[in-house]
Amino acid sequence: MAKVQGALKIAVLLLVRYGPLAFLAGTLLRATLLPVFRGEVARPEVPPDGFVSHDTSVYLGWARGDLEGPVEVEVAADTGFRRIVHKQTSRGSSLTTPPLERGRTYYWRLQKNGVVAFFRTARDAVDF
Amino acid sequence: MQSTSEPRPSRWARLRARLAGRGHHVFSVAAFLTVLVSTATIWPDAVQTGDSLFHVGNAVDVERAVRLGQDPLGRLPQMQGTPTFRFYQPLHALATGAMTAWTPVRLEFWYTLFTVLPFALSPFAYMYLLTGLGFSRWRAALGAFVSITTVLGFSNSFLGLFSGGIVTQAPAALFFPLFLGKFVRVLRGERGVLGAAAFFALTVLSHAAFAVYAVVAAFLATAILLPKGIRPLAKCAAAGALGVLLAAFWVLPFLAVQAEHRPIPDAVSRPDRRIWFSGISGRELFDLVRTGRFFDGERDVDRDKGSDEPLDSKMRALNIFGLHTLRPPIFSICLAIGVLFALVRIRDPSVRFLLGLMTTGFLLVLGLDDVRIVARLPFTGQMQGFRATYLVDQGALGLVALGLHEVGSLFLAAARRLPRIPRRIAGGLGVFVAVGALLATSAWLFVHARAIVGTGRGPWEFTFLESMGRYRQRMGPYRVRGHYKAGTNQNRRNNHIHVLGFAVPCAHVSGITGQTARTVCERIGTPGRSWRLAELVGTSYFLVDRRYPHGLDAVEKVGDRGRYRRLSNRRNMQLWESRMRTFGHMATGPIVLVHGTHAQWVQLNEEWLGRWSNRLEDPRTPWPVRVQPGDLERGPLLRQAASVLIVDTRPFERAPAGLQARAEQGLPVHVLSPIPGLRAKVLGPADGWERAFSGLPRAAARPEDESFRLLPSPSPGREFRLQTVVKRAGIAMVAEGCFANWHAWVDGKPADVRPAGPDLVGVYLPAGTRRLVIRWQRTTLENVSYAASLLGWMGVFSWIAIDRRRRRRARPGGEGAPVLPVVDPAAPP
C-alpha cells in the first residue's frame with residue numbers, strides 16, 4: 001500500500017512539475033513534425049481571393065510546401081483554364097505577371113494542383 | 001592617551017571595494033552602452049521610421065488634445081474600417097504628446113527619447129527577470145547582454161525595430177520583462193502586488209499584443225513555477241485585477257471598439273489557412289529553425305534580383321519587411337547548447353519556465369490554424385502570429401545565457417585543475433575570448449546599424465514611397481534623406497501594396513500628378529485607404545512648422561491660403577487642401593441601404609470602391625449607407641432608398657414582415673441567403689455584391705449643392721460645424737471614421753449618424769439651408785473606465801505614500817520611532 005501511495009505521489013509530482021512543459025512541447029512537436037512527414041502541397045498565398053489590383057502587373061506568391069524544383073504558374077481568364085493569358089515556370093515562390101487587361105477577373109494556379117485562386121484588376125488606372 | 005587610527009584606504013582600494021561583487025555589470029552596462037552607441041547614428045531618423053511617420057502624427061494629435069484640454073484618446077483615425085495606431089499602442093503617443101505639451105522641448109526629442117531609452121534600459125529589465133527566476137548574477141548579466149542581439153519582430157532590439165519601421169512599442173521592451181520579473185517574485189512571495197500591477201498596466205498600454213503576451217506568460221509562470229500555498233496565487237490575481245483597473249481607461253474602450261470595428265476578416269487576409277504576414281505552417285517553422293534562419297535571420301542576399309530562396313522570403317515576412325541579419329549568425333548554435341544544458345537541468349523551475357516560454361511563443365507563431373489550443377486562447381484570433389516571435393526570444397535569450405554560462409563554468413573548472421602556468425594561460429585565454437565576444441558583438445551591431453543608414457536597405461516605408469516612382473527624387477512631405485536609396489523592385493512594391501493596402505489609388509497621389517479625373521480621395525475626402533497619406537501630410541506640416549496655432553484645428557484653416565505658404569512645398573499644400581476641401585459633401589447617386597456586420601461593411605466598401613471609384617460624378621453611381629434593422633421600418637432614410645441589401649440576415653430571420661412590407665411597396669430587396677417569409681432577390685456566390693448595386697432606377701441628376709462651409713467651433717478637432725444649402729434631401733458625408741462616438745445635430749435637433757460610403761460619417765439632411773454639427777463624445781463605458789483608472793492610479797500612489805511614511809516611522813531614529821532618553825556620560829549619576 002505504501003508503495004502504491006509512493007508511486008502515486010511521484011506520478012502526481014511529475015504531472016504537476018513537468019506536465020505543462022510536456023504538454024506544450026508535445027503540441028509543438030505535433031504541429032511541426034507531423035507536416036514534415038505528411039507533406040504539404042504548394043498553394044497560392046497572395047493575393048488573397050477577390051483582391052482588386054489597381055496595378056495591371058500583379059504579384060503572385062505561393063507556399064512551396066514539398067515542391068522541389070521549378071513550379072509552373074498559370075494565369076487564366078476563366079475557371080476552366082481554357083483561356084490562359086500567362087504561363088511561367090518559376091523556381092522561387094513568387095512572380096509578377098506581365099500587364100493584364102483592366103477590369104477583369106483572373107484565376108491562377110500552380111501545376112494543376114486543384115487549388116485555384118483569383119484576383120481582379122481594377123478598371124481605373126494607377127499613376128505610380 | 002595614544003590613539004591608533006587605521007590608515008585610510010587608497011582611492012583604488014575604495015573603488016575596488018565598491019565594485020566588489022558587481023563585476024557582472026560589465027555585461028549589462030556594455031549592453032546599455034552598445035545600444036546607445038550603435039544606434040546613435042539613427043536617432044535623428046527615429047521620428048521618420050516607417051510607421052513612425054504616422055505615430056508622430058498621433059503624438060501631435062495627443063499634444064494638441066492636451067493643450068486644448070480634450071480627450072487625448074478621442075477622435076480616432078481609421079484605416080480600412082479599423083482604428084489605427086494610437087489605439088493599439090497608446091503609451092508612447094501619450095507620453096510623447098504630453099511631454100511636448102508640458103515642456104518647451106520639441107516633439108522629436110521626446111519621441112526619440114521614449115524610443116531609445118526603453119531599448120537601452122531593457123537589458124537591465126531582462127536581467128531583473130532572470131534574477132527573479134533564480135539565475136545567478138553572472139548568468140543574468142550574460143542574458144542582459146545577449147538580449148540586445150534580439151532582432152526578431154517586436155523584440156528588444158532598437159535596430160531590429162528601426163529596420164522594421166516600428167519603434168513605438170519600445171516601452172514594452174522595458175516594461176514586459178519588468179512585469180514578468182515582478183510577477184515571478186510575487187509568485188515566490190517576495191514582493192507585493194503594486195509593482196506587478198503597475199508594470200502590467202504599462203506593458204498592456206505599450207501594445208495590445210503585449211497584453212496577450214503578459215497574460216500568457218503570467219499563466220505559464222503560475223503553472224510551471226507552482227507557488228506554495230494559496231496566498232501567492234491570491235496576490236497574483238489581485239495584481240492582475242489591479243493592473244486591468246489601471247489600464248482600464250484604454251483596455252475597455254479598446255475591446256468595445258474592436259468588438260465592432262474588426263479589421264478585414266481573417267478569411268480574407270489569410271487565404272487557405274496559410275498565412276501571409278500573420279504566421280507560418282508547422283512545416284515552414286520546422287525548416288526555418290532547422291536551417292538556422294529563425295534565430296539567425298534570413299540570409300543576406302540581393303533581394304532586388306529576386307535571388308532569395310523561399311525560406312528566406314518566408315523568414316523576412318515573419319520578421320516584418322526589410323529586417324536584416326542584424327544578429328551575429330551564431331545564435332542558433334548558442335541556443336542549441338543552451339537547450340542541451342536546459343534539458344540536463346530540467347529540474348530547475350526557472351529553466352522549465354524559459355523552455356515553456358519559448359515553446360509557447362512557437363505555438364503562437366504557428367497560430368490558431370495549426371494549433372488547436374491557440375485557437376481556444378482569447379484574442380489570439382485578432383493577433384498577428386509573427387509578433388509572438390517576441391515571446392520565443394524572451395525564452396531563448398535566457399537559454400543562450402544559460403548555455404554560455406555553463407560552458408564558461410566548465411572551462412573555469414577545468415582550468416582550475418591545471419598547474420599554475422597553464423592555468424594562467426587558460427585564464428588569460430578565457431578573458432580574451434569573453435572580452436573578444438563582447439566587443440565583436442558590439443562591433444557587429446554597430447556596423448549593421450551604420451549599414452542600415454548607409455546601404456539604403458532602410459525602413460520599408462521609404463522603400464515603398466520611393467517605389468512610387470514620382471517621389472523618388474523629391475520626396476515631398478516625407479523628407480527622406482539621400483542615403484535611403486532603396487530599389488524599385490516590382491515584387492517589393494507589390495508586397496507593400498498588399499500589406500499596406502494601398503491598392504486603391506489615392507487621389508491625393510493622382511491629384512498632385514496632374515491627373516484631371518476626380519477620383520476617390522478628391523471626391524470624398526479620406527476614405528480608409530488614403531488615410532495614411534493625408535495624415536502624413538498633416539504630420540509633415542506640423543513637423544516642418546512648429547508654430548501652428550494650437551487653439552485651432554487644422555480643419556478650420558480651409559480657405560486661409562496664407563497659412564499654407566509655410567508648408568514645405570506646393571505639393572504638400574495641394575495635398576492638404578484636397579483633404580480639407582472635401583471634408584463634407586452630399587451623396588449624389590441612388591442610396592442603397594445595407595445591413596451587415598462591420599466586417600461585411602468594410603468588405604463591401606472595398607468592392608464598392610473597386611467598382612465605382614472612377615464614376616463618382618455619375619448620378620447613377622449608387623452610394624451604400626449602413627443601417628440598423630429599425631431604419632428599414634421607418635425613418636427618412638427609407639424615402640431616399642433605391643434598394644436594400646441584407647448581408648447579415650440574422651435580425652430578419654424571425655420577423656421579416658417589415659422588410660416584406662417594404663418589398664411589396666416596390667423597394668428592391670437583395671439578400672445573400674434566402675429568408676423564410678421574405679420575397680427578395682437572392683444573390684448567388686457568383687453574383688457578388690455589386691449585383692445589388694446594378695439595375696437600380698436611374699437617378700435624376702442631382703442639383704449642385706453649395707459646398708460645405710466650416711464654421712468656427714468651440715471645441716476644434718472634436719466638433720465640426722458645417723453649413724450648406726441642400727437643394728434636394730439626401731445623405732451628407734463627412735470625412736471622418738464612423739465610430740459610435742460621433743453624434744450629429746441638424747439645425748440644433750439630434751440626428752442619426754450612419755456609416756455612409758467608405759465608412760464616412762453619414763447624416764440625413766433635408767432640403768434647405770442646413771447647419772450640421774457633428775461632435776465626438778465619450779461613451780458611458782469610456783467615462784466609467786476613465787474614472788476607474790483614475791481611482792486606481794490615485795489608490796496606487798496613495799498606498800505608496802502611506803507605505804513610505806510607515807517605513808520611515810519604523811526606521812530606528814525615524815520620525816515616528818520611539819525616542820530614547822539621551823544620557824550624558826559626563827553628568828553625575
Side-chain angles (χ1 to χ4, degrees), chain A residues 16-21 23-40 42-55 57-67 90-97 103 105 115 117 120-128, chain B residues 220 223-224 226 268-272 274-276 281-287 289 306-310 313-314 346-347 349 352 355-356 359-360 362-363 366 370-373 467-470 490-491 493-495 497-498 502-505 509-510 513 515 517 519 606-607 609-611 613-614:
Chain A
V16 168
R17 189 176 280 180
Y18 301 108
L21 188 57
F23 172 75
L24 291 174
T27 310
L28 181 64
L29 287 178
R30 201 176 57 185
T32 51
L33 289 185
L34 273 188
V36 174
F37 295 114
R38 204 169 45 216
E40 289 175 332
R43 42 182 79 245
E45 278 197 329
V46 284
D49 271 354
F51 180 80
V52 182
S53 171
H54 285 261
D55 197 347
S57 294
V58 181
Y59 173 82
L60 306 176
W62 56 89
R64 286 186 70 88
D66 283 344
L67 206 62
S90 166
R91 300 191 72 86
S93 60
S94 66
L95 65 80
T96 305
T97 68
T105 299
V115 181
R120 295 178 196 152
T121 47
R123 286 179 171 76
D124 48 352
V126 182
D127 195 6
F128 277 111
Chain B
L220 192 69
I224 289 183
L226 278 178
V268 175
S269 61
R270 310 200 304 181
D272 201 31
R274 290 294 166 259
I275 302 158
W276 176 255
S281 69
R283 169 67 182 264
E284 287 163 335
L285 179 62
F286 179 81
D287 287 338
V289 175
S307 57
D308 51 344
E309 292 180 16
S313 60
K314 184 58 68 177
I346 193 79
R347 296 189 67 179
R352 287 206 303 276
L355 279 172
T359 313
T360 309
F362 274 132
L363 295 179
L366 285 170
D370 295 277
V371 186
R372 215 174 298 162
I373 188 171
S467 69
M468 290 172 79
R470 290 179 186 278
Q490 178 80 1
N491 285 1
R493 186 180 87 182
N494 281 306
N495 280 345
I497 290 169
H498 279 301
F502 269 107
V504 173
V509 177
S510 58
T513 52
Q515 193 170 325
T519 47
E606 299 285 314
E607 300 270 340
L609 282 170
R611 174 87 169 79
S613 59
N614 60 346

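Each chain gets a letter, A, B and so on, in the order the sequences are listed, and its residues count up from 1. What you see is a predicted model, and the numbers here were worked out from it, not measured in a lab. Heavy-atom basis, side chains included; hydrogens, waters and symmetry copies ignored.
Contact annotation for B:Leu355: both backbone and side-chain heavy atoms come within less than 4.5 Å of a heavy atom of chain A. Contacts between A:Arg17 and chain B at a heavy-atom distance below 4.5 Å involve backbone atoms as well as side-chain atoms. Contacts of B:Ile346 with chain A are made by both backbone and side-chain atoms, with heavy-atom separations under 4.5 Å.
When all heavy atoms of A:Ala31 and B:Leu366 are compared, the closest pair comes out as CB-CD1, 3.5 Å. Nearest heavy atom pair, residue B:Ala223 against residue A:Pro20, reads O-CG, 3.9 Å.
Taking B:Thr359 as the reference, A:Leu24, A:Leu28 meet the side chain to side chain contact (heavy atoms under 4.5 Å, CB included) condition, with sequence neighbours excluded.
Evaluated for a side chain to side chain contact (heavy atoms under 4.5 Å, CB included) with B:Phe286, the options A:Leu34, A:Leu29, A:Thr32 yield exactly one hit, A:Thr32.
Of all the listed residues (B:Leu220, B:Val289, B:Ile224, B:Ile373), the one sharing the greatest number of non-hydrogen pairs under 4.5 Å with chain A is B:Ile373.
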